[in-house]
Every structure is written in C-alpha cells, then in structure tokens.
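So the structure is just underneath, and the comments pick up after that.
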Amino acid sequence: MLWSGGRPDAQPLRSGVMSSSDQDQDQQPQDIAEPAAGRRLTPRQARRLRIVLSSVGMAGVAVVLALRIASRSSVLVVGVYGLALILCGVVIELSRNGRTRLGSWLLGVGLVAAVGADRLLIP
C-alpha cells in the first residue's frame, strides 16, 4: 500500500483508487462563462486526453504498419511498429492509473524514436 505523503492524517491509498484531492477536483462544478485559455486541466481531463491521444496514435501506427508491410515486409518493420503499438498501450494504462506526465513523455519520446528508427534502420 502507498501512503499519502506528509499529511498527519495520512490514510493508506490502494492501487486504482483516486485520492481525495483527485475526487475533489473531479467533482467541482465548472463555470462555462470562464475562459478556458488560462485554466489548467483537471486530473480527470488530463487522463482522458492522454488516453484519446494514445488511442489515436495507436490507430495511426497500425495504419502505417499495414502500409509498410504491404510495400516491403520485413521483421524490422514489424518490430519497430510493433514496439510503437505496445508503447501506446502502455501509455493508455499509465494514464488510466493517473501517471499522465510520465505517459506524456513516454508517448512523445517513443513515437519520435519509432519514426527515427523507421528513417534510419528500415531501407
């Protein structure tokens, strides 16, 4: 079990359970008249956005994989794009568990690495 850090009334948190601060932020009413430009995303909105972006990335990688296999089938093509698909799935799971910053970095670096490997390794 994880302990919620420095609070004197710290309660153990279970895996997959939102902390009280996440629940408070998720249940706050949102003012429609307030401009969205200066506001930050709530944790729930950030998780949903990351899941959507990862899903779109996964669909895009699957399309590119199908096109690359049609033009030249290679184990290297399947390896590079297969790892990119796995990466998108890992990012979706990280986002579901509240690790959106780690998921953001992993998605960005991983997709750039997959495109770079495609350009450098695959003839």
Side-chain angles (χ1 to χ4, degrees):
M1 286 190 180
L2 299 173
W3 290 93
S4 54
R7 293 189 337 224
D9 62 335
Q11 298 292 325
L13 298 175
R14 293 190 180 107
S15 176
V17 176
M18 291 185 353
S19 68
S20 61
S21 63
D22 284 344
Q23 290 173 351
D24 291 342
Q25 289 178 356
D26 290 341
Q27 294 175 357
Q28 291 177 350
Q30 304 216 354
D31 187 13
I32 296 174
E34 185 177 327
R39 294 180 34 207
R40 300 184 89 185
L41 294 175
T42 65
R44 175 176 275 176
Q45 290 171 333
R47 285 191 297 269
R48 286 183 179 169
L49 177 64
R50 192 70 51 231
I51 289 170
V52 167
L53 289 177
S54 297
S55 300
V56 168
M58 185 180 279
V61 168
V63 167
V64 172
L65 174 62
L67 293 174
R68 293 289 286 179
I69 287 177
S71 67
R72 74 173 54 95
S73 62
S74 162
V75 174
L76 197 53
V77 169
V78 174
V80 167
Y81 289 106
L83 286 175
L85 286 170
I86 292 170
L87 173 76
C88 289
V90 167
V91 171
I92 289 171
E93 281 301 312
L94 285 172
S95 296
R96 286 183 61 227
N97 292 323
R99 308 295 294 180
T100 55
R101 287 185 188 145
L102 177 62
S104 298
W105 282 103
L106 191 60
L107 183 64
V109 170
L111 290 180
V112 167
V115 169
D118 181 35
R119 303 257 180 197
L120 295 175
L121 298 176
I122 302 171

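In what follows, residues are counted from 1 in the order of the sequence shown.
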| query | Taking a hydrophobic cluster as the set of Ile, Leu, Val, Met, Phe, Trp and Tyr residues connected by side-chain heavy atoms closer than 4.5 Å, whether directly or through intermediates, do Val109 and Leu107 fall within one such cluster? | reply | no
| task | Provide the closest heavy-atom pair for Cys88 versus Gly57 in the form atom of the first, atom of the second, distance. | result | SG-C, 3.9 Å
| Qualifying salt bridge (Lys or Arg N to Asp or Glu O under 4.0 Å) pairs, either residue in residues 96-113, two or more places apart | Glu93-Arg96
| note | CZ of Arg68 to OG of Ser74, rounded to nearest 0.5 Å, is 9.0 Å
| message | Hydrophobic clusters here meaning ILVMFWY residues chained together by side-chain heavy-atom distances under 4.5 Å, can you tell me if Leu121 and Val61 are in one? | response | yes
| task | Can you see which heavy atom on Leu85 is nearest to which on Ala62, and at what distance? | result | CD2-N, 4.0 Å
| When clusters are formed by joining ILVMFWY residues with side-chain heavy atoms under 4.5 Å apart, either directly or through shared neighbours, do Val56 and Ile92 land in the same one? | no
| message | Any non-hydrogen side-chain atom of Met58 less than 4.5 Å from a side-chain atom of Ser54? | response | no
| task | Could you state whether Val115 and Tyr81 fall into the same hydrophobic cluster, counting links through intermediate Ile, Leu, Val, Met, Phe, Trp or Tyr residues with side-chain heavy atoms under 4.5 angstrom apart? | result | no
| request: Kindly work out whether a path of hydrophobic side-chain contacts (I/L/V/M/F/W/Y, heavy atoms less than 4.5 Å apart) joins Leu111 to Trp105. | output: no
| task | Output the distance between atom CG (Asn97) and atom CG (Leu102), rounded to the nearest 0.5 Å. | result | 11.0 Å
| task | Mind checking the CD1-CG spacing from Ile51 to Leu94? Nearest 0.5 Å is all I need. | result | 10.5 Å
| query | For Leu67, which fellow cluster members are found when Ile, Leu, Val, Met, Phe, Trp and Tyr are connected by side-chain heavy-atom distances below 4.5 angstrom, either directly or through intermediates? | reply | Val63
| Reported CG-to-CG distance for the pair Asp118 and Leu65, which is rounded to 0.5 angstrom | 10.5 Å
| note | Closest non-hydrogen atoms of Arg50 and Gly103, given as atom of the first, atom of the second and distance, are CD-C, 4.2 Å
